[in-house]
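One structure is given here, and the rest of the page talks about it.
Values in this document were obtained by computation on a predicted structure and should not be read as measured data. Quick note: numbers below take in every heavy atom, side chains included, and nothing from hydrogens, waters or symmetry partners. Letters A, B, ... mirror the listed sequences (proteins, then strands); counts begin at 1.
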Amino acid sequence: MKIAEDLSRVEETEKGDDLPNIVINETYCKGCGICIDFCPTDVLEMRGNLVAVKNLEACTKCQLCDLRCPDFAIQVF
Amino acid sequence: MAEKKKKFMQGNEACSEGAIYAGCRFYAGYPITPSTEIAETLSVRLPKFGGVFMQMEDEIASICAIVGASLGGAKSLTATSGPGFSLMQEGIGFACITEVPCVIVNVMRSGPSTGFPTGPSQSDVMQAKWGTHGDHPAIALTPASVQEIMYETIRAFNLSELYRTPVIILYDEIIGHMREAIALPEPDEIEVVERKKPSCKPEEYKPYASNNGDIAPLAVYGEGYRFHVTGLYHAEDGFPTNNTKLIGEANERIVNKVNKNIDKICINEEFYLDDAEIGVVAYGVSSKSAKFAVKEMRKKGIKAGLLRPKTIWPFPYKAVNKLAKQVKAILVPEMNLGQVYYEVERASRGQCEVKGIFKVDTEAIHPKKIMEEIEKFT
Amino acid sequence: METAATPKKTKKAKQTPFDYSKYIRGGKLPHIWCPGCGHGIVLKSLLRAIDTTGRSNNDFALVSGIGCSSRTPGYVDFNTLHTLHGRALAYATGLKMAKPNLKVIVTTGDGDALAIGGNHFIHTCRRNIDMVIMVYNNYIYGMTSGQFSPTTAQGMIATTSRYGNIESPFDVCKMAEASGATFVARGTAYHYGELEKILYEAIMHKGTAVIDIIDSCPTYYGRFNKFKTPSEMMEKIEKEGTIPLKQAAGLPPEKLQGKLIRGIIYKKERPEYTSEYAKLVEKAGGKSK
Ligand SMILES: Cc1ncc(C[n+]2csc(CCOP(=O)(O)OP(=O)(O)O)c2C)c(N)n1
Ligand code: SF4
Ligand code: SF4
Ligand code: SF4
């Protein structure tokens with residue numbers, strides 16, 4: 001993915017085969033909180049001004065966070 | 001020389017024919033006296049060449065549509081008069097900063113505001129130069145006869161393609177509506193400049209790259225070169241920049257690309273200038289009276305001469321300055337309260353007396369009035 | 001960096017995320033929009049819709065006026081034109097007529113399209129020229145720091161309506177339909193999937209397609225009108241403030257009070273301008289492009 005070109009730091013959480021990958025582009029993330037507020041299973045949280053994963057196991061890969069992020073900053077797969 | 005085809009036509013029709021000869025294939029405009037015949041003629045003529053004629057909702061839409069069409073590769077024209085020309089100013093500035101070729105005709109009428117709509121005037125000369133905000137390039141042509149309207153329209157298209165900038169044609173209601181038998185140029189008789197297109201790979205294309213001040217080729221939308229055009233100051237690649245150095249350079253470049261080529265853009269007619277002791281600087285309809293007056297003066301043995309700029313912007317400072325060195329006085333007859341007069345005064349640098357002959361009652365300046373003024377200096 | 005985004009081999013095939021990189025110009029992100037601004041969500045829906053058409057980037061032109069929403073074309077890899085405040089539709093019309101095969105999409109704001117550009121808006125709809133008009137409707141002038149716009153509801157606060165707006169808002173869809181647009185729809189940034197489908201349909205439609213897209217300006221509209229977060233705005237304005245067409249059909253008017261209808265509201269076949277123009281050229285004995 002070329003969007004990753006600009007990444008300064010990528011947080012990848014990958015603990016097991018069935019667990020989702022949540023990739024957050026910290027250069028793009030503006031900390032608006034939309035992804036956190038709309039996550040149905042409370043997977044994400046704010047750390048400082050940026051979003052971070054707090055409970056990966058709970059993620060259902062619904063991609064609500066991904067699709068509502070205005071900044072191309074979070075992807076789930 | 002073979003006998004040329006002659007046709008009887010009106011100034012505004014000659015403008016339309018000149019446009020078609022130059023390869024114009026898109027017209028957008030809004031009806032306004034005394035320019036409407038251009039639209040009416042082109043609504044019939046353009047479709048025959050597969051070209052587009054559109055009557056827009058206003059003059060703002062018209063200037064914007066012709067710039068859009070030009071980016072789509074069509075040589076484009078709009079025509080209007082005072083009130084419409086005022087409305088177009090922001091759009092003309094956009095064409096200047098984005099460097100999109102297009103031609104704007106302003107058939108000048110009395111103003112300000114609605115003024116006297118059918119009354120001729122020459123009072124938009126300064127608006128043609130300074131109408132839009134910000135420092136910008138200006139090319140404006142001032143044909144003085146029906147025949148010349150045709151030739152100057154072709155030249156306007158050529159200049160706009162060559163320098164990637166809007167070109168304005170200024171003439172007044174009198175010549176616009178005058179009928180003369182004119183010679184139609186044969187195909188290939190007059191040079192028609194085609195737009196320089198890029199030859200590089202699309203990834204490498206920079207729509208505003210200029211080496212040594214040359215003019216970058218302009219790609220056509222939809223032909224594989226996916227570039228960005230914006231009225232914000234932009235870098236060579238066309239994307240907005242807030243780098244103050246680049247902004248300054250870009251502004252200077254768009255102005256200089258015209259100023260550097262003044263000698264190529266400025267064309268003047270000289271009439272009895274060689275030994276002239278009294279000069280007249282006149283353009284458009286007023287130059288007709290001035291020419292007549294000079295001829296009459298010569299019959300009386302008075303050494304009068306006429307300098308007639310066909311390009312009013314950029315202003316022919318050099319030619320006027322040279323004339324000022326030679327003559328006792330320069331007279332500037334114009335149908336306004338003093339516009340070109342001040343440019344002549346500026347160019348003359350105090351070397352001779354400069355006197356304006358102004359008239360805004362919507363009647364042409366009579367040659368007699370010019371003759372009287374010339375005689376005052378003998 | 002590439003590696004970080006590539007998942008390791010797995011037993012189950014993983015759902016791949018949408019690859020926006022085909023449409024985003026290299027090095028142009030992050031965009032200038034504020035945290036939580038809805039414009040980015042709308043842009044993403046548009047890019048997915050364009051992708052579904054399977055057409056090349058060369059086939060699309062994105063034209064805009066001036067405003068936050070009008071900054072969209074700068075980020076995307078199409079033929080892009082960022083023009084004057086209110087005038088996008090006029091530029092787009094000229095371009096479309098010169099290059100009828102281009103699919104022209106206009107991204108414009110509520111102020112850009114309906115205040116300064118209102119005249120162009122109604123006349124473009126009237127001509128039914130093939131074009132998609134996306135009105136990013138955030139009820140405010142974002143770029144100039146929050147003045148009320150022609151869609152701001154009565155009573156709402158903006159920098160120029162500190163006592164509450166006294167003007168009545170336009171209904172973008174009603175205006176488009178009355179003016180002659182042949183595809184009229186409403187979507188929201190919140191309903192990103194629905195919006196993507198509407199945009200796809202709009203692109204496939206031949207004629208003027210207007211989409212009223214409700215999105216949020218948390219920086220001004222949100223702050224002045226006491227919405228605490230961008231997501232709260234999305235919930236209250238975009239989700240609770242709208243209702244799908246089908247659902248609305250069965251409800252009495254009282255239940256629809258204060259709600260905007262979502263979905264494809266109006267669709268009609270009517271002669272399209274570029275096709276009609278081609279016929280005119282034939283009639284005149286000329287050759288069409
Ligand atoms: C002729 C002109 N008048 C005023 C402006 C200032 N201006 C820039 S953007 C804007 C309003 C933008 O609002 P909207 O179209 O709703 O877009 P948003 O920023 O909310 O996305 C205004 C008034 C301008 N650029 N040009
Ligand atoms: S929605 Fe996007 S920009 Fe906003 S906090 Fe989440 S990742 Fe960051
Ligand atoms: S994919 Fe769904 S569940 Fe997983 S973090 Fe995003 S919103 Fe939460
Ligand atoms: S000012 Fe409003 S509309 Fe503009 S980018 Fe910020 S949030 Fe978006």
Chain B contact via C:Y273 - side chain, backbone, both or neither, heavy atoms under 4.5 Å: side chain
Which of B:E57, B:K48, B:E223 touches chain C most, by non-hydrogen pairs under 4.5 Å: B:E57
Under 4.5 Å from a heavy atom of chain B, the part of C:L81 involved: both
Enclosure of C:E269 CD (heavy-atom neighbours >12, cutoff 6.0 Å): no
cation_pi(C:K99, B:Y221) dist<6.0 Å, angle<=45: no
Gap separating the CE atom of B:M54 from the CZ atom of C:R127, nearest 0.5 angstrom: 4.0 Å
B:A28 portion near chain C, given a 4.5 angstrom heavy-atom threshold: neither
Among B:P202, B:A65, B:S70, residue most engaged with chain C (heavy-atom pairs, under 4.5 Å): B:A65
Contact winner vs chain B - C:A61, C:G74, C:G285, heavy-atom pairs under 4.5 Å: C:G74
Test log, rule side chain to side chain contact (heavy atoms under 4.5 Å, CB included), inputs C:N119 and B:D58: CA-CA 9 Å; C:N119 198 28; B:D58 59 26; 3.4 Å; yes
By side-chain contact (heavy atoms from CB on, under 4.5 Å) - contacts of B:T230 (at least two apart): B:H228, B:L232, B:H234, B:P240, C:H82
Reported CD1-to-CZ distance for the pair B:I63 and C:R87, which is rounded to 0.5 angstrom: 12.0 Å
Members of residues 130-139 of chain B whose heavy atoms come closer than 4.5 Å to chain C: none
Inter-residue atom distance B:Y225.OH - C:N79.CG, 0.5 Å rounding: 12.5 Å
Region of C:N101 in contact with chain B, defined by heavy-atom distances below 4.5 Å: neither
Rounded distance (nearest 0.5 Å) linking atom OG1 of C:T124 with atom CE of B:M56: 6.5 Å
Minimal non-hydrogen separation, B:C64 against C:A90, with atom names: CB-CB, 3.6 Å
B:R226 and C:T80, any side-chain heavy atoms less than 4.5 Å apart: no
CZ on B:F239 to OH on C:Y75, rounded to 0.5 Å: 11.0 Å
Portion of B:L71 that has a non-hydrogen atom of chain C nearer than 4.5 angstrom: both
Chain B contacts, top residue of C:I122, C:L280, C:L95 (heavy-atom pairs, under 4.5 Å): C:L95
Interatomic distance, C:K287 atom NZ to B:F49 atom CZ [nearest 0.5 angstrom]: 11.0 Å
